[in-house]
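Some notes on the structure that comes next.
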Amino acid sequence: MKLKKYSLLLIAAALFIGGCKKGNYDLFDPESISEANAFQTLDHVQLGVNGAFGRYGAYTSQVYAGALVSDESKIGADNGGQGALTFRYQFSADATTGGDVTPAWAQFYSVIDQCNRVLPKIPLVTATPDQEYRRDILKGQLLALRGISLFGALQMYCKNWDPADPMGVPVLTSADPLAKPARNTQLETMTQIENDLAAAKLLLPAVTPATFSDTVMNRVNIAAYQARIALHKGDYNGAIAFATEVINSNVKPLVSGANFSGIWTDANFNESLFRVRYLTLTNLGGLWTTTGNLVYISPSDKLVATYSASDVRKAAYIGTLSGKPVVNKHFTSSRGGRIVDLKACRTAEMYLIRAEAYAKKGAAADVLLGAADLNFLRSNRITGYVNVVFGTAADLLTATLDERYKELCFEGFRFWDLRRNNLPVARLASDASPDWQNLPANSFRFILPIPQREIDANHNVIQNTGY
């Protein structure tokens, strides 16, 4: 696998330790910064962990790619070709046509590589007595990041869950830039993901609403990812149990009104279970609309039509700029236009996971429980909402998937929700021309291509069908 041979830690450590100027490095100077001597103390390890968290901005690529190939978006009024090939299903594995759908592969593996570089150093570095407890915390955070990054790669570049499928993604648990691993099976990939997350939870301390932080991995947001993964697998009892663990923790309960709208301008971090900080970068917001107010990608007419006037999400998610519809969800914060944090996991998803799992279990008692979750979420979003009674599990499932479309748009879910449920992409005529209005449920394009440069560098990796 062609992985980056440098680490953000090395850059950070050089700044932290000092003593080297550009152009004055000596490969044989013991005072030079290298993998061998960059990690001397637990504080140095912390820098490496910080680098791993920063790299999880890789999820932004999943958000963007998923929006372009689903029915969330349409080409914006000022589009000059940005995302157009992807939107039209004309992408492949090469860097030119696949520029939107292939980068996440290397980005997720960059997180994994950073984790694998830092993990072996944790037991070796020095620490003061009052720092010793942090060794387990740092290890747990890295294992969790490695697990959720491996799941991101599995979700984007593999078929729906099938433990017998030989075409998972490569599992890497050590840093070796010369390694050329083959694809592991889906079962082997999932086993590593689940083992990493389970081990991480054992290493991390319990959290309360007072001690919870949504910018680091902890027991609660790991459980949230475990719920997401269980739903992906069709493990509905597991999905319900993990989602319930998160909801009952009460670290980030559902909110309504301005308390909800403020999430999307970073005025507050209500409902946020895990996010990546973008202090000055427009990495997420600038994908849709530039700081010069050029609208590259707009919300689809189909999506806009799903919100009633009494739904707080309509104004929070959808805006207009000189009459042009814009993605308001990632538009602005007090730090500037298009500078917004990446919300990678939220409490609302837990209610929707549990509702879908109950619907798919299908018993009458399960339908009542799932309906309660769906109605509770809606009551926090829609003024004057009246609870709905669902007569069948199928009715509840349809309503839950529709609610996921409305609640989680532009957060990296819709495309894989459709694939997971064997549903097509069906766009409106006002959103796309007939040639790319629909994507059949059995299309090979529901599994994105592995970058061709990866295949070229490592012939042991087999490309996905169709590319």
Check your understanding: With distance as the sole test, does N375 use its side chain to make a donor-acceptor pair with the main-chain N or O of A371 at under 3.5 Å?
Key -> yes
Check your understanding: What residues, two or more places apart in sequence or in another chain, satisfy salt bridge (charged side-chain N to carboxylate O under 4.0 Å, His left out) together with R134?
Key -> D43
**Study point:** Side-chain touch I222/Y225, heavy atoms, less than 4.5 angstrom
**Key:** no
Review point. Do R381's NZ or CZ and the ring of F260 fall within the cation-pi criteria of under 6.0 Å and 45°?
Key: yes
**Study point:** Side-chain donor/acceptor of D214 to backbone N/O of R275, under 3.5 Å
**Key:** no
Review point. Going through the checks in order, is the side chain to side chain donor-acceptor pair (under 3.5 Å) test met by E356 and T400?
Key: CA-CA 6 Å; E356 182 177 339; T400 301; over 6 Å; no
Check your understanding: Just by distance, do the side chain of T265 and the backbone of S333 share a donor-acceptor pair under 3.5 Å?
Key -> no
Check your understanding: So, are E411 and R346 salt-bridged, with charged N and O less than 4.0 Å apart?
Key -> yes
Exercise for review: Scan side-chain atoms only and decide if N464 and R183 contain a donor-acceptor pair under the 3.5 Å cut-off.
Suggested key: yes
Practice item. Please confirm whether the backbone N or O of G66 pairs with a side-chain atom of S70, one donor and one acceptor, at under 3.5 Å? Key: yes
Practice item. Return the orientation label for the Y59 and F413 ring planes: parallel under 30°, perpendicular over 60°, tilted otherwise. Key: perpendicular
Review point. With sequence neighbours left out, what residues match T244 under side chain to side chain donor-acceptor pair (under 3.5 Å)?
Key: R354
Check your understanding: If you draw the axis of the six-membered ring of Y317, does the NZ or CZ of K329 fall within 45° of it and under 6.0 Å from the ring centre?
Key -> yes
Check your understanding: Among R420, R419, Q155, K233, which residue meets the side-chain hydrogen bond (donor to acceptor under 3.5 Å, both in side chains) test with N160?
Key -> R419
Point to revise | side chain to side chain donor-acceptor pair (under 3.5 Å) partners for D366, two or more places apart | key: none
Check your understanding: Below 4.0 angstrom, N of the basic side chain to O of the carboxylate: do R88 and D435 qualify?
Key -> no
Check your understanding: Is K139 reaching over with its side chain to a backbone N or O of A200, donor-acceptor style, under 3.5 angstrom?
Key -> no
Point to revise | N/O donor-acceptor pair under 3.5 Å between S300 side chain and K74 backbone | key: no
**Study point:** Backbone N/O of F376 and side chain of D373: donor-acceptor pair under 3.5 Å
**Key:** no
Practice item. Please answer whether the main-chain N or O of W288 pairs with a side-chain N or O of R338 as donor and acceptor at a distance below 3.5 Å. Key: no
